[in-house]
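Following: one structure in structure tokens, then a few remarks.
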Amino acid sequence: MISSLKTSGIPLLVASVLIGSYVTYPFPSMAQGTEARNGRCVPAIPTGRVRCDYDSGDSYIGQFVNGLPSGSGVYVYSNGDRYEGQFRLGKPNGRGQFIFKDDARVEGIFRDGKVSSGTAIFTNGDRYIGSFSLDQKVGVPTGQGQFIFANGDRFVGQFLGGKPLGTGAFTRADGSRCSGQFYTQELDGRGNCSFSNGIRYQGELRKGLPHGKGTIIDTRGRRLPGVFRDGQRVEQ
């Protein structure tokens, strides 16, 4: 679905209460490719430090090698987004940051115009730190990572295709923690939970809470199996 930064955006996880939705920030063409763009550069030299005004409305200031951004530079898109960092053969390569016009940003390591690892910072204060996909779904969280919510909650674990899928742990700001296998953006799964009042839970989870079949273990060690809904025991 997403094969190239030249033709698509970078979907990044966005949190509401949980990891529940996507937003697609437009990651414009990484300029450049392997061919020089039309426009005016000052000074008019193929190699060295230049300032360029392109016919598309984009602009660039930084190092050129054979008419392409290479080395350090800043590329500003006509819509107000910009990339600051290292270039090679006209594409972001190395350490850099892409700053969106709404103040969201991605900081990290870029390979051929694609972010491979780093930190995505969202306008609401949420953050993702970890690795990103470089192939089928370019720029989505894939591999080991952590999603930190502005309210202090945190999910640490395995991501695939932009969503939690595999082993992980969800820790709330109050200290309660659920670890196990997670299957969806909504943090549905199965695992073990410990709560700040000393009570523990083993069983099915939905939205990071006991939901479905499970067992409560109270502070005296008594096991109370039952059916749970939204963190509450509704049937024995």
Side-chain angles (χ1 to χ4, degrees), residues 1-5 8-28 30 81-86 88 91-100 102-173 175-193 205-209:
M1 180 178 67
I2 299 170
S3 60
S4 168
L5 292 178
S8 63
I10 288 188
L12 298 172
L13 284 177
V14 174
S16 49
V17 177
L18 295 168
I19 305 175
S21 61
Y22 285 103
V23 65
T24 300
Y25 282 107
F27 207 144
M30 281 290 107
D81 298 338
R82 73 180 185 272
Y83 170 82
E84 302 177 353
Q86 296 297 309
R88 185 171 62 85
K91 295 181 180 180
N93 272 284
R95 183 164 295 279
Q97 61 177 340
F98 194 97
I99 304 171
F100 298 92
D102 65 358
D103 290 331
R105 66 179 60 207
V106 180
E107 304 171 344
I109 303 299
F110 290 75
R111 297 181 184 175
D112 294 329
K114 306 169 186 177
V115 59
S116 63
S117 63
T119 301
I121 304 172
F122 303 96
T123 56
N124 64 354
D126 295 342
R127 291 177 291 151
Y128 169 80
I129 303 172
S131 57
F132 295 82
S133 172
L134 291 172
D135 45 32
Q136 183 180 4
K137 293 184 177 180
V138 172
V140 300
T142 295
Q144 189 69 21
Q146 56 180 312
F147 198 96
I148 305 166
F149 300 89
N151 66 1
D153 294 348
R154 177 188 305 253
F155 175 82
V156 179
Q158 297 174 322
F159 289 77
L160 184 64
K163 61 181 179 291
L165 188 63
T167 303
F170 179 57
T171 305
R172 295 183 182 274
S176 62
R177 183 176 188 271
C178 293
S179 60
Q181 293 289 315
F182 293 86
Y183 312 129
T184 69
Q185 294 171 213
E186 290 74 25
L187 297 178
D188 296 348
R190 179 184 296 274
N192 301 313
C193 301
L205 302 169
R206 179 170 293 174
K207 296 183 179 179
L209 292 171

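Fair warning: this is a prediction, and the values are worked out from it, not measured in the lab. These numbers come from the heavy atoms of this one structure, side chains and all, not from hydrogens, waters or symmetry mates.
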Sequence-distant partners of Arg111, side chain to side chain donor-acceptor pair (under 3.5 Å), two or more places apart: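 Arg111: no side chain to side chain donor-acceptor pair (under 3.5 Å) contacts found.
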With sequence neighbours excluded, residues passing side chain to side chain donor-acceptor pair (under 3.5 Å) with Glu107: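 Applying side chain to side chain donor-acceptor pair (under 3.5 Å) to Glu107 gives none.
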Look at the side chain of [X] and the backbone N and O of [Y], then say whether any donor-acceptor pair between them is shorter than 3.5 Å.
X: Tyr83; Y: Gln86; value: yes
X: Asp126; Y: Phe149; value: no
X: Thr123; Y: Asp103; value: no

Leu205 side chain reached by Arg190 side chain, heavy atoms, under 4.5 Å: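 Counting from C-beta outward, Arg190 and Leu205 never come under 4.5 Å.
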Side-chain touch Gln146/Thr171, heavy atoms, less than 4.5 angstrom: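 No, their side chains stay 4.5 Å or more apart.
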Gly143 versus Ser131, closest heavy-atom pair with distance: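 Reported closest heavy-atom pair: CA-OG, 3.5 Å.
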side-chain contact (heavy atoms from CB on, under 4.5 Å) evaluation trace for Lys207 with Leu187: CA-CA 5 Å; Lys207 296 183 179 179; Leu187 297 178; 5.7 Å; no
Check against side-chain contact (heavy atoms from CB on, under 4.5 Å), Gln97 and Ile121: CA-CA 11 Å; Gln97 61 177 340; Ile121 304 172; over 6 Å; no
Aromatic ring proximity, centroids under 6.0 angstrom, Phe159 and Phe147: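 Ring-ring flag for Phe147/Phe159: false, centres at least 6.0 Å apart.
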Full working for side-chain contact (heavy atoms from CB on, under 4.5 Å) between Asn93 and Phe110: CA-CA 5 Å; Asn93 272 284; Phe110 290 75; 5.9 Å; no
Asn192 vs Arg177, side-chain contact (heavy atoms from CB on, under 4.5 Å): CA-CA, chis, key distance, verdict: CA-CA 8 Å; Asn192 301 313; Arg177 183 176 188 271; over 6 Å; no
